[in-house]
Amino acid sequence: MNSKSIGIAALLLVSSTTLFAQAKPEDTEIWSPEPKVVTPGKTNTDPPSDAIILFNGTDEHEWVNVKDTNSTAAWKLHDGILTVDKAVGDIETKRRFTNYQLHIEWRIPSDITGSGQARGNSGVFLASPGDGDEGYELQVLDNYNNKTYVNGQAGSIYKQNPPLVNANKKPGEWQSYDVIWTAPTFNADGSLATAARVTVLFNGVLVQNNFSLLGPTLYIGKPAYKAHGASPIKLQAHGDKSEPVSYRNIWVRPL
Ligand code: MG
């Protein structure tokens with residue numbers, strides 16, 4: 001090695017030492033703001049301390065009848081559970097939500113009859129900006145042993161995306177959805193800026209993994225977005241002839 005190359009080697013050693021001296025573990029530590037303290041529920045199905053309780057078995061004051069949003073919802077409240085009343089129709093939350101985490105439990109009657117879409121059909125509309133069936137439906141149905149189109153199964157985003165797996169429990173058992181909902185956003189001219197996205201755990205099993213919705217879920221036709229803001233969460237009273245579905249333990253954490 002001549003003196004020139006010794007010089008270059010020395011220079012490289014010095015600069016690398018300097019570089020290592022500059023990088024410290026503390027450089028990549030974030031200390032504030034600190035995450036807010038939230039006390040978890042006793043189990044993962046119990047509401048954490050910052051949840052809004054939408055139904056805990058005592059009353060329906062967080063809900064209204066979709067046909068008359070000035071009236072309190074009047075589904076059948078009994079034994080701490082809420083059972084669909086098909087004569088009353090759909091119910092929705094008084095509150096409006098944008099992005100949130102939702103927990104909701106539902107039960108298909110043990111004596112359920114019917115087949116296909118006419119067997120325990122209900123649904124959780126994750127946002128319901130307008131009247132009627134407009135909105136984004138996470139399907140509720142008995143698919144323990146019931147064949148239907150796969151993008152209409154329990155755990156599907158109706159007519160848009162089938163569940164990743166069939167995680168149904170048998171009729172008579174309580175089942176749960178845990179949902180992370182990211183609302184769509186719109187430009188000032190009403191055009192879509194970002195699509196709605198949803199992640200769903202069905203009985204603790206991942207069935208929707210950050211799925212981007214194509215628009216509201218439609219019975220017939222291709223979905224298309226229409227601009228809207230914060231919206232109620234709606235529960236479906238489906239017109240099929242089968243025995244009605246029940247709900248319990250509904251809570252939400254706006255994000
Ligand atoms: Mg439905």
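Values reported hereafter were calculated over all heavy atoms of this structure, with side chains retained and with hydrogens, waters and symmetry mates removed. Position 1 is the first residue of the sequence, and the numbers go up from there. As the structure lists them, so they are numbered: ligands from 1, and atoms in each ligand from 1.
For His228 and Tyr136, the gap between ring centers is short of 6.0 Å. In this structure, the ring of Trp181 has its center no less than 6.0 angstrom from the ring center of Phe97.
Criterion: ILVMFWY side-chain heavy atoms under 4.5 Å apart, direct or through other members. Under it, Tyr100 and Val124 are part of a common hydrophobic cluster.
Listed by chain and residue number, the protein N/O/S atoms under 2.8 Å of the Mg ion (ligand 1) are Asn121 OD1, Ser122 O, Glu137 OE2, Gln139 OE1, Gln236 OE1, with waters left out.
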List the atom pairs, donor and acceptor, that lie under 3.5 Å between side-chain atoms in residues 195-209 and the rest of the protein, sequence neighbours left out.
unit_1: Arg197; atom_1: NH1; unit_2: Asn210; atom_2: OD1; d: 3.2
unit_1: Thr199; atom_1: OG1; unit_2: Asn210; atom_2: N; d: 2.9
unit_1: Asn203; atom_1: OD1; unit_2: Ser176; atom_2: N; d: 2.8
unit_1: Asn203; atom_1: ND2; unit_2: Ala167; atom_2: O; d: 2.9
unit_1: Asn203; atom_1: ND2; unit_2: Gln175; atom_2: OE1; d: 3.0
unit_1: Gln208; atom_1: OE1; unit_2: Asn161; atom_2: ND2; d: 2.8
unit_1: Gln208; atom_1: NE2; unit_2: Gly155; atom_2: O; d: 2.9
unit_1: Gln208; atom_1: NE2; unit_2: Asn161; atom_2: O; d: 3.2
unit_1: Gln208; atom_1: NE2; unit_2: Pro162; atom_2: O; d: 3.4

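By the neighbour-count criterion of 12 heavy atoms within 6.0 Å, atom NZ of Lys94 is densely surrounded, having more than that number from other residues, nucleotides or ligands.
Salt-bridge check for Arg107 with Glu173: failed, with every basic side-chain N at 4.0 Å or more from each acidic carboxylate O.
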